[in-house]
**Q** 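Let me begin by handing over the structure; questions about it come next.
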Amino acid sequence: MDRLYISDILNDGFVDKDVNIRGWVYRWRESGPLVFVVIRDSTNIIQVIFERSSVDEKTFEMAKKLTIESSVEISGKLVKQNKAPTGYEIQAKSIKVYHLAEPFPITKDKSDEFLLDIRHLWLRSREMTATLKIRETLMEAARDYFNEHFYHEVTPPMFVGAAVEGGSTLFEVPYFGEKAYLTQSSQFYLEAFIFSLESVYTIQPSFRAEKSRTRRHLTEFTHLEAEAAWIGNQGMIDFEEELIIAIAQALIEKRKEELKILKRDINVLKNIEKPFYRYPYEKIIEIGRSKGMALEDVVDLGEKEEREITADFDKPIFVYNYPKVLKPFYHRPDPEDPNHVLCHDMLAPEGYGEVIGGGERIWSKDELINRILEEGLNPEDYQWYIDLRKYGSVPHSGFGLGVDRTVTWLAGLDHIKNAVPFPRTIRRLKP
RNA sequence: GCCGCCGUAGCUUAGUGGGUAGAGCACCCGGCUGUUAACCGGGAGGUCACCGGUUCGAGCCCGGUCGGCGGCGCCA
């Protein structure tokens, strides 16, 4: 008999038919001559019942000995059963045990810390499984959206020789007697690709060595970055808005069950529709002040401020044209207002805060060199980046989206660690 | 980096006027004909993070070390 996936047999079409499944023991309990076993596979869970009166003694004894997480193959008749957790039940006829598991360390009482220590086992939980599927669908939806818009996927290097942005701290790694660094952003490399492929994107890890201890920072995170020729700041905002909507739609279509497992209200995602809020930088400061914050005219918002400002919003907020002093040198100053740059951040609502940063890049060689000098940096360190402005330079824009932050927001999680299979933080490198 | 909190059985934890360390889950044994991280009875399981000090006596008081969590700062 061919093995079937659990999600495929949870329907009336298989009732009274013999089915064969493989998976792991998720729950086990006995009551006299009955043994109830809930089996989990990659698709869902289903209850199996072993009755002493209807299976041979050897099979029943084996069912009685099963332990949580044992790997098994079970055959039996599918029936409808309201008392079973997913509405159907298999009346077992036979079982093959591949491995009788040792006592599983995860029980009903568990702390966040413990779950991080045994992350390699916690990955099997329904919560993590649901989160991983949501991550996958999010990236798949993004790739589909990029492909529909003729973006090419590229793979920039992760070993780099120098920083992209002055501010961030880099991880240094030995490199055959020289120093190399782990990339903190692929932006500069993506800019190199646009002169042939025009529109490009990548989904790769970025690394930041900041000693940040907040619910939205990791030292290694999945970075979705894009860069496109012939597009300006506002055009890029339009593009990102549709990207986020495409992702939300994909989750609504394909991940209803997983969102339910994570207790995320799907109506929140259904509400992610055009138009998002769009405010110039000064307006967001005004909103902060209206909530009682003491904010200077020109100030970087902290995590706490962002959380409070976005708390009452129901849709993402684009904040554009920040004061020049707050942003890295490569952002293009607004020709109409040189103290501001043509950039934007997208803040997720409900307190989640920044998930996208992007904008239009300086495309004039001389302007770029002037901005590098103005920031006290050395143009020699950016030789190849400046080189790109010498041979048919074009207006272009790009953005970077934190995949893990976006998952945290859309899945309604409380901490970025829960959006990542093996989170890396300042104090955690294992497992 | 700064501030705060925490470290007792595999897990979650109770336990300060200093006086033999207690429970639930998991595990083992037994019971139960519809269980929902079941229930009932029994059993086993502890260098109370580590080092030092005070004391007749320290899980508890004092000093230090290590590890973790949360917040701030930094940052995407």
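Keep in mind it's a predicted model, so treat the numbers as computed, not measured. Order of the sequence lines fixes the chain letters, A, B, ..., with proteins taken first and strands second; residue numbering starts at 1 for each chain.
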**Q** Do A:Tyr98 and A:Glu73 get their side chains close enough for a donor-acceptor pair, meaning under 3.5 Å?
**A**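 Yes, because at least one side-chain N or O of A:Tyr98 sits under 3.5 Å from a partner of the opposite role on A:Glu73.
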**Q** Look at the side chain of A:Phe114 and decide which nucleotide, out of B:C25, B:U12, B:G71, has an atom nearest to it.
**A**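 Among the listed nucleotides, the one closest to the side chain of A:Phe114 is B:U12.
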**Q** What distance, rounded to whole Å, do you find between the two P atoms, one in B:U13 and one in B:U8?
**A**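 Rounded to whole Å, the distance is 9 Å.
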**Q** Before giving the answer on side-chain contact (heavy atoms from CB on, under 4.5 Å), spell out for A:Leu224 and A:Phe146 the whole-Å C-alpha distance, their side-chain angles and the decisive distance to 0.1 Å.
**A** CA-CA 11 Å; A:Leu224 185 161; A:Phe146 279 121; 3.6 Å; yes
**Q** Regarding A:Ile68, tell me which of base, sugar-phosphate or nothing describes its non-hydrogen contacts under 4.0 Å with the strands shown.
**A**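 It contacts nothing in the nucleic acid.
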**Q** Any side-chain N or O of A:Lys110 under 4.0 Å from OP1/OP2 of B:C25?
**A**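 False: A:Lys110 side-chain N/O out of range (4.0 Å or more) of B:C25 OP1/OP2.
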**Q** For A:Arg216 and A:Glu306, what are the C-alpha separation, side-chain angles and deciding distance, and is it a salt bridge (Lys or Arg N to Asp or Glu O under 4.0 Å)?
**A** CA-CA 12 Å; A:Arg216 64 181 201 189; A:Glu306 259 185 31; 2.8 Å; yes
**Q** Quick one: stems for RNA chain B, with Watson-Crick or G-U pairs under 3.5 Å, at least three in a row?
**A**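 So far as stems of 3 or more pairs are concerned, RNA chain B shows B:1-7 with B:66-72, B:10-13 with B:22-25, B:27-31 with B:39-43, B:49-53 with B:61-65.
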**Q** Base, sugar-phosphate alone, or nothing: which one does A:Leu218 contact when heavy atoms must sit under 4.0 Å apart?
**A**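 Base contact - A:Leu218 has a heavy atom under 4.0 Å of at least one base atom.
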**Q** Using the C1' atom as the point on both nucleotides, what is the distance between B:C2 and B:A76, in whole Å?
**A**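 B:A76 and B:C2 have their C1' atoms separated by 23 Å.
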**Q** To the nearest 0.5 Å, what is the distance between CG on A:Asn233 and CZ on A:Arg361?
**A**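 That separation rounds to 9.5 Å.
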**Q** Give a yes/no on whether any side-chain N or O of A:Lys108 is located under 4.0 angstrom from OP1 or OP2 of B:C25.
**A**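 Indeed not, no polar side-chain atom of A:Lys108 lies that close.
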**Q** Does a nitrogen or oxygen in the side chain of A:Lys65 sit under 4.0 Å from OP1 or OP2 of B:C29?
**A**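 Indeed not, no polar side-chain atom of A:Lys65 lies that close.
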**Q** Test side-chain hydrogen bond (donor to acceptor under 3.5 Å, both in side chains) on A:His340 and A:Glu282; report intermediate values, then the result.
**A** CA-CA 11 Å; A:His340 287 74; A:Glu282 282 69 22; 2.8 Å; yes
**Q** In whole angstrom, what separates A:Arg119's CZ from B:C11's P?
**A**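 Roughly 18 Å, once rounded to whole Å.
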**Q** May I have the distance from A:Ile106 (atom CD1) to B:U12 (atom C1'), rounded to whole angstrom?
**A**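 So the CD1-C1' distance, A:Ile106 to B:U12, works out to 14 Å.
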**Q** Using a heavy-atom cut-off of under 4.0 Å over every strand shown, decide if A:Ser53 touches base, sugar-phosphate, or nothing.
**A**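 Nothing, no heavy atom under 4.0 Å.
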**Q** In terms of side-chain geometry, is the basic nitrogen of A:Asp41 or A:Arg22 positioned less than 4.0 Å from the acidic oxygen of its partner?
**A**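 So A:Asp41 does not pair with A:Arg22 through a salt bridge.
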**Q** At 4.0 Å (heavy atoms only), tell me whether A:Ser212 reaches a base, stays on the sugar-phosphate, or touches nothing.
**A**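 It contacts base atoms.
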**Q** Do A:Asn147 and A:His152 touch side chain to side chain, with heavy atoms closer than 4.5 Å?
**A**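 No, side chains not in contact.
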**Q** What's the NZ-P distance between A:Lys211 and B:C72, to the nearest Å?
**A**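 Rounded to the whole Å, the gap is 18 Å.
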**Q** Pick base, sugar-phosphate or nothing for A:Glu51, based on heavy-atom distances below 4.0 Å to the nucleic acid.
**A**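 Nothing, no nucleic acid heavy atom in range.
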**Q** Search all heavy atoms of A:Pro316 against all heavy atoms of A:Phe276 and return the closest pair with its distance.
**A**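 Of all heavy-atom pairs spanning A:Pro316 and A:Phe276, the closest is O-CB, 3.3 Å.
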**Q** Can you check the distance between B:C11 and B:G45, where both ends of the measurement are the C1' atom (answer in whole Å)?
**A**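 Result for the C1' pair: 13 Å, nearest Å.
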**Q** Output the rounded distance in Å from CG (A:Asp112) to C1' (B:U12).
**A**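 For the pair A:Asp112 CG and B:U12 C1', the rounded distance is 13 Å.
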**Q** Thinking salt bridges, do A:Asp300 and A:Lys327 make one under a 4.0 Å N-O criterion?
**A**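 Answer for the salt bridge query: no.
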**Q** Is it the case that A:Arg389 places NZ or CZ above or below the six-membered ring of A:Tyr385, under 6.0 angstrom from the centre and within 45 degrees of the axis?
**A**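 Flagged: A:Arg389 positioned over aromatic ring of A:Tyr385.
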**Q** Could you give the OH-to-C1' distance, from A:Tyr26 to B:A37, as a whole number of Å?
**A**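 Whole-Å distance recorded here is 8 Å.
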**Q** Which nucleotide, B:G68, B:U36, B:C72, lies nearest any side-chain atom of A:Lys83?
**A**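 Nearest to the side-chain atoms of A:Lys83, counting from C-beta on, is B:U36.
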**Q** Spell out protein contact along nucleotides 3-8 of chain B as letters: B when the base is contacted, S when just the sugar-phosphate is, - when no protein heavy atom is under 4.0 Å; keep the 5' to 3' order.
**A** ------
**Q** Just call it for A:Glu89: base, sugar-phosphate, or nothing, with non-hydrogen atoms closer than 4.0 Å on any strand.
**A**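 Touches a base.
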**Q** Please state whether the phosphate of B:A76, meaning OP1 or OP2, lies under 4.0 angstrom from any side-chain nitrogen or oxygen of A:Arg405.
**A**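 Result: no.
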**Q** Has A:Phe36 got its ring stacked on B:G34, by the test of a centre gap below 5.5 Å and a plane angle below 30°?
**A**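 Here the ring of A:Phe36 and the base of B:G34 are not stacked, as the 5.5 Å and 30° limits are not both satisfied.
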**Q** Between B:A44 and B:C28, how far apart are the C1' atoms? Round to whole Å, please.
**A**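 It works out to 7 Å between them.
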**Q** I need the CD-C1' distance between A:Glu30 and B:A37, as an integer number of Å.
**A**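 These atoms are roughly 16 Å apart.
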**Q** Roughly how many Å apart are B:C3 and B:C25, using the C1' atom of each and rounding to a whole number?
**A**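 One C1' to the other, the span is 36 Å.
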**Q** Any ion pair linking A:Arg40 and A:Glu69 (charged N to carboxylate O, less than 4.0 Å)?
**A**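 Salt bridge present between A:Glu69 and A:Arg40.
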**Q** In whole Å, measure the gap between the C1' atoms of B:U54 and B:C60 for me.
**A**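 My reading of the C1' atoms in B:U54 and B:C60 gives 14 Å.
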**Q** When rounded to the nearest Å, what value does the distance between C1' atoms of B:G24 and B:C62 take?
**A**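 These two C1' atoms come out 34 Å apart once rounded.
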**Q** Give a yes/no answer on whether the side chain of A:His415 brings an N or O atom under 4.0 Å of OP1 or OP2 in B:G70.
**A**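 For B:G70, OP1/OP2 do have a side-chain N/O of A:His415 under 4.0 Å.
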**Q** Determine the Euclidean distance between corresponding P atoms of B:G17 and B:G10; express it in Å to zero decimal places.
**A**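 My reading of the P atoms in B:G10 and B:G17 gives 28 Å.
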**Q** With a 4.0 Å limit, can you tell me whether A:Arg29 has a side-chain N or O closer than that to the phosphate oxygens OP1/OP2 of B:C32?
**A**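 Looking at the OP1 and OP2 atoms of B:C32, neither is under 4.0 Å from any side-chain N or O of A:Arg29.
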